[in-house]
S.K.: 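Please read through the structure below; I'll follow up with questions.
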Amino acid sequence: MTISQQYTRVAAEVAQACRDCGRDPSQVTLLAVSKTVQAPRVQEAIDAGACAFGENRPEQLMEKHAAYPSQQWHFIGNLQSRRIHDIVPCATLMHSVYKASHLPKIDAAAQQVGKVQDILLEVNVSGEESKGGIAPAQINDLLSVAEGLAHVRVRGLMTMAPRGDMEIARETFAHLRELEHKINREWRGAQGSPLSELSMGMSEDWRCAISEGSTIVRIGRAIFSEDFA
Ligand SMILES: *Cc1c(COP(=O)(O)O)cnc(C)c1O
C-alpha cells in the first residue's frame, strides 16, 4: 500500500475505534509521525487528508515545517535546551516537556516570536528508567512553574507505554487519564483552564489508548512504513 492508502486506512480505523467506544471521532487527533520519511513524501499523506504531523528531531521539524507551513507540526522528541529557540517557531504543540528548567526558555522563545506556546508534560507513568518524562508526583511542580509564564500554556499530558504488553499499556494509559482528572479536580491550573489533552497511543497500542481516553494518537509506522503488519 502507498502512504496515502495507509493514511486513509488508519484514519478510518481511528474514527471507527472512537465510535466503537462511544467517543466522537472529532475528539481525537491523528498525528502522523513522519520522522522516518523525507520531506517530499509527506505530501502523500497530505493528499490523503493528513493535516497534523509529528517530528522528533529539530532539524526535521524545521525543514518539514518550511516545506509545508500550512500543516500542523508537533514536536515529540527529546527536548534539548539549546534547540528550544529552533523548535518553538515551528511547533503547534510540544509533547515532550518534562524539565522545569526548559519552561522559562520556551517562554522566552515564544515571546520572541509573539506566540503562546502550547505544551504537554511528558509523564513517565511506568517508571522505566530508560524513558524520559517526569514522575507523576512532580507534575504539580512543573505546573507551578508554568503558571508564572505568560507565553507557555500547558494543555495536557503525554506518555509512552512500555512496548509489548497490551495490559500494561492499558494500565499506563488509564493512569495518565486519572492523573489528568486529578489535576483538574485539585489544581487551579494555568490561566484557570483545565488540562484537556492526552497524547497517548502509537502504531501498536493506539486502539487501547483511544478506549482509555486519548485525544492525540501519534502514529508513525502504520502510516509511513512499507512493512508494518
Ligand atoms: C516514533 C514515535 C512515535 C510513533 O511510533 P510508531 O510506533 O512508529 O507509531 C510516537 N511517539 C513518539 C514519541 C515517537 O518518538
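Side chains included, hydrogens not; waters and symmetry mates left out as well; all remaining heavy atoms used. Just follow the structure's listing: the first ligand is 1, and inside any ligand the first atom is 1.
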S.K.: Considering residues at least two apart in sequence or located in another chain, which fulfil the side chain to side chain donor-acceptor pair (under 3.5 Å) criterion with S196?
M.R.: none
S.K.: Could you pull out all donor-acceptor pairs under 3.5 Å where a side-chain atom in residues 213-221 meets a protein atom, sequence neighbours excluded?
M.R.:
from: S214; atom 1: OG; to: L198; atom 2: O; distance (Å): 3.4
from: S214; atom 1: OG; to: M200; atom 2: O; distance (Å): 2.7
from: S214; atom 1: OG; to: I216; atom 2: N; distance (Å): 3.4
from: S214; atom 1: OG; to: I216; atom 2: O; distance (Å): 3.1
from: T215; atom 1: OG1; to: E197; atom 2: OE1; distance (Å): 2.7
from: T215; atom 1: OG1; to: L198; atom 2: N; distance (Å): 2.8
from: T215; atom 1: OG1; to: L198; atom 2: O; distance (Å): 3.4
from: R218; atom 1: NH1; to: T159; atom 2: O; distance (Å): 3.4
from: R218; atom 1: NH1; to: S199; atom 2: O; distance (Å): 3.0
from: R218; atom 1: NH1; to: S199; atom 2: OG; distance (Å): 2.9
from: R218; atom 1: NH2; to: T159; atom 2: O; distance (Å): 3.2
from: R221; atom 1: NH1; to: E204; atom 2: OE2; distance (Å): 3.4
from: R221; atom 1: NH2; to: E204; atom 2: OE2; distance (Å): 3.4

S.K.: With sequence neighbours excluded, what pairs up with Q6 under the side chain to side chain donor-acceptor pair (under 3.5 Å) test?
M.R.: none
S.K.: Do L31 and I76 have side chains that get closer than 4.5 Å, going by heavy atoms?
M.R.: yes
S.K.: Please answer: with hydrophobic residues joined when any side-chain heavy atoms are less than 4.5 Å apart, are I119 and L79 in the same cluster?
M.R.: yes
S.K.: Test side chain to side chain contact (heavy atoms under 4.5 Å, CB included) on C51 and Y68 and set out the steps.
M.R.: CA-CA 10 Å; C51 54; Y68 305 100; over 6 Å; no
S.K.: Which protein N or O atoms sit under 3.5 Å from any N or O of ligand 1? Give each pair with its distance.
M.R.:
from: ligand 1; atom 1: 7 (O); to: R221; atom 2: NE; distance (Å): 3.2
from: ligand 1; atom 1: 7 (O); to: R221; atom 2: NH2; distance (Å): 2.8
from: ligand 1; atom 1: 8 (O); to: R221; atom 2: N; distance (Å): 2.8
from: ligand 1; atom 1: 8 (O); to: R221; atom 2: NE; distance (Å): 3.2
from: ligand 1; atom 1: 9 (O); to: S203; atom 2: N; distance (Å): 2.9
from: ligand 1; atom 1: 9 (O); to: S203; atom 2: OG; distance (Å): 2.5
from: ligand 1; atom 1: 9 (O); to: G220; atom 2: N; distance (Å): 2.8
from: ligand 1; atom 1: 11 (N); to: R218; atom 2: NE; distance (Å): 2.8
from: ligand 1; atom 1: 15 (O); to: K35; atom 2: NZ; distance (Å): 2.8

